[in-house]
Amino acid sequence: MFGWTGVFLRVDLTRNEAVAESYDAGMALNFIGGRGFAAKILWDELELGIDALSPENKLIFAAGPLTGFGLPNSGKLVVASKSPLTGSYGDGNIGTSAAVQMRKAGYDAVIIEGKAETPVVLHVKNDVAEFIDAQDFWGLNSFEAEAQLKLLYERTAGVVSIGPAGENLVRFATVVSQEGRAGGRPGMGAVMGSKNLKAIVFEGDNEIPAAYPEDMKELSAAGYREILTKPNFSFWKRQGTVSTVEWSQENSALPTCNFREGVFENADKIGGFAMEKIKVGNRGCPQCNMTCGNVVKDSGRGETELDYENIVMLGSNIGLGNLKQVAALNRVADELGLDTISLGNVLGFAMEASEKRRVPERIHWGKFKETKALINDIAYRRGFGDVLAEGVQTAAAKVGRGAEDWAMHVKGLEVSAYDCHAAPAMALSYATSSIGAHHKDAWVIHWEVQFGRESYSEEKINKVIEMQRLRGGVFESLTVCRFPYAELGFELEWYTKYLHAATGRKMPFNTLIYDADKILNLIRAFWIREYASNWTRDMDFPPVRWFKDPLTEGPLKGSMLDALKYNVMLKKYYRKRGWDERGIPKKSTLKKLGLSDEANELEQYVQLSE
Ligand code: SF4
């Protein structure tokens, strides 16, 4: 095969074994890579109903057929597992040189199984894998762990690690790389911690097989040049995603005080132009000239990378309007290996619970020191922090007395940084995302504001599905960044050209979209198989707050979602997806997508409609 290495590395931590396994072209062509590979492996190999934090769970690191060739925005991998936060499929992508080095070492994916007896670091160099005693690394934060490992290995080594949050099994712990590039929101870091795996170091110096290597080089150079010509390029380099703070404020979509409001009185203090005043540089994923990590000096000991999501969730959503302090919280979260989105969400919940006197702890909106202390308590599972470490859904159940109504999550995954009181399409996107309330797959709110906020129309459903297929299916499986397309208008044809040069195959976009649909339906089947008789279409509803508590401030004061209209919208969404009225893929839909075996298996757990 060209493009793909055709090899997975299967690592059994219980037995200290690592075996290279060839896989066939069918896997590559049907599931592409990244999310597609992870979903297929987890579907085929995971036993039903296992505890996500047990040795029976598997942790997958998977790249795509374009990773490692030096193409623009392609230095990413997907980390996936059964999630300890949602109880079903979970994943995230990380921009990291570990992706490049894993492919150069000869692997498209690494499958981690079992549990080491004591903490280990896995070192993979080409065809040699070794298990290093990591007792001296355990307890280090993720920045320290990577820095120390970099002293032991080549500077070019790619490292992914966990911080104390992953070690302490915080259910929204992430896997971290390169001081703040983190992924795996639904607790992939906790799964890694449950396996006593502190870090993986990848080093590779093999040539990745390309069908047309010269074309590859030319296309790569041309792609970088093309990105430089895009009109929005220079502003993107100045602010990256942070300019969205001002946009969200103008459009009442800026989560404020646990998503109670969509406007924040200090938005100008945490927005793109405020950020530019303290910015000292840009950082980014490998093989990218758009480098969107805005490096700023924080209020404490160092520097951190800011983007829209972490500013909003650790800023307006907890009532904090001091950007240097937001930056300091962000750095602490990255060091500890906590997902900044879920963290800001549970902190907002805790502050509201305190304000409403539902918990004895006093945690006030916008108080930096209190918040920082609570973040540490979450990572080390101390006191109330231990409750919050379980995620907002479980914390709300524990607090009780209606707290579930203002716990902002879908299927257990905390909502990310867009308020949807007046954004039905974005609410649908959150509610039907493959991993719970995450914005990455169908980020439609910008389009929706231009289209018209009020409607629950067919166009909106179509847009959500289109973006889920493209961003959640194609980009996540190719493991390429969505921003060139989404933010600069980088044309999709580039990817088919890249794929041809890499694999030697003509893979038109409609084939990729078909594969994307297959992957998204397989993930849906995974959810249904796990939940079986407990599955209900209520799981595809956004949080209750957006239906019950109208906005009380800003130009959209009084706005909230309409439950009846949303219900109709969801029904239509199911129909367009080929799912039945319960939201379960029909047998005919799965068959049409080449998932007949999966349909037969799913039928053992739930009755499928024809
Ligand atoms: S644009 Fe940002 S997220 Fe995308 S590859 Fe570049 S640095 Fe990474």
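Each residue takes its place number in the sequence, starting with 1. Scope of the values below: all heavy atoms of this structure, side chains included, with no hydrogens, waters or symmetry mates.
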Undergrad: Looking at Glu458 and Arg575, does any basic side-chain N land under 4.0 Å from a carboxylate oxygen?
TA: no

Undergrad: Testing the basics here: between Arg582 and Trp535, what is the closest heavy-atom pair and its distance to 0.1 Å?
TA: O-NE1, 3.0 Å

Undergrad: Distance from Ser433 atom OG to Asp441 atom CG, nearest 0.5 Å?
TA: 5.0 Å

Undergrad: Between Asp515 and Lys518 (salt bridge meaning N to carboxylate O under 4.0 Å), is one present in this structure?
TA: yes

Undergrad: State plainly whether the residues Arg524 and Asp540 are in salt-bridge range, i.e. N to O under 4.0 Å.
TA: yes

Undergrad: The test is side chain to side chain contact (heavy atoms under 4.5 Å, CB included); show your working for Val110 and Phe8 and say whether it passes.
TA: CA-CA 6 Å; Val110 174; Phe8 293 152; over 6 Å; no

Undergrad: Quick one, Thr371 and Leu320 - any side-chain contact, counting heavy atoms below 4.5 Å?
TA: no

Undergrad: With a 6.0 Å cut-off on the ring centroids, do Tyr566 and Phe541 count as close?
TA: yes

Undergrad: CG of Asn30 to CD1 of Ile519: how many Å apart, nearest 0.5 Å?
TA: 9.0 Å

Undergrad: Would you check if Met539 and Tyr531 make a side-chain contact, meaning some heavy-atom pair closer than 4.5 Å?
TA: yes

Undergrad: I need the Thr589 OG1 to Trp579 CH2 distance, nearest 0.5 Å.
TA: 9.5 Å

Undergrad: Which atom names give the shortest non-hydrogen contact between Gly315 and Val326, and what distance separates them?
TA: CA-CG2, 3.8 Å

Undergrad: Is a salt bridge present between Arg358 and Glu352, judged by a nitrogen-to-oxygen distance below 4.0 Å?
TA: no

Undergrad: Within this structure, what is the OG-NZ distance for the pair Ser54 and Lys195, rounded to the nearest 0.5 Å?
TA: 6.5 Å

Undergrad: Does a side chain donor of either Asn73 or Arg482 reach within less than 3.5 Å of an acceptor in the other side chain?
TA: no

Undergrad: Could you check whether atom NZ of Lys356 has more than 12 heavy atoms from other residues, nucleotides or ligands sitting under 6.0 Å from it?
TA: yes

Undergrad: At their closest point, which heavy atom of Glu309 faces which heavy atom of Ser416, and how far apart are they?
TA: OE1-CB, 3.4 Å

Undergrad: When you check the side-chain N and O atoms of Thr174 and Arg185, is any donor under 3.5 Å from an acceptor?
TA: no

Undergrad: Taking atom CG of Asn93 and atom CZ of Arg181, what is their separation to the nearest 0.5 Å?
TA: 10.0 Å

Undergrad: Could you tell me whether Phe475 and Tyr495 have their ring centroids closer than 6.0 angstrom?
TA: yes

Undergrad: Within a reach of under 6.0 Å around CD of Glu47, are more than 12 heavy atoms found that belong to other residues, nucleotides or ligands?
TA: no

Undergrad: Going by heavy atoms in the side chains, are Ser88 and Lys411 under 4.5 Å from each other?
TA: no

Undergrad: Is the Phe37 to Phe61 ring centre distance short of 6.0 Å?
TA: no

Undergrad: Can you confirm whether Leu590 sits close enough to Lys586 that some side-chain heavy atom of one is under 4.5 Å from a side-chain heavy atom of the other?
TA: no

Undergrad: So, Arg471 and Glu476, do they make that salt bridge, N to O below 4.0 Å?
TA: no

Undergrad: Give a yes or no on whether a salt bridge exists between Glu355 and Arg260, defined as a side-chain N under 4.0 angstrom from a carboxylate O.
TA: yes

Undergrad: In this structure, is the centre-to-centre distance between the rings of Trp406 and Phe349 below 6.0 Å?
TA: yes

Undergrad: Decide whether a cation-pi geometry holds between Arg529 and Phe526; the criteria are a distance under 6.0 Å from NZ or CZ to the six-membered ring centre and an angle within 45° of the ring axis.
TA: yes

Undergrad: Within the structure provided, determine whether Lys76 and Val480 are in side-chain contact (heavy-atom separation under 4.5 Å).
TA: no

Undergrad: For Glu581, is there an ion pair with Lys571 - N to carboxylate O distance below 4.0 angstrom?
TA: no

Undergrad: Salt-bridge test for Lys548 and Asp405: reply yes if a basic N is under 4.0 Å from a carboxylate O, no otherwise.
TA: yes

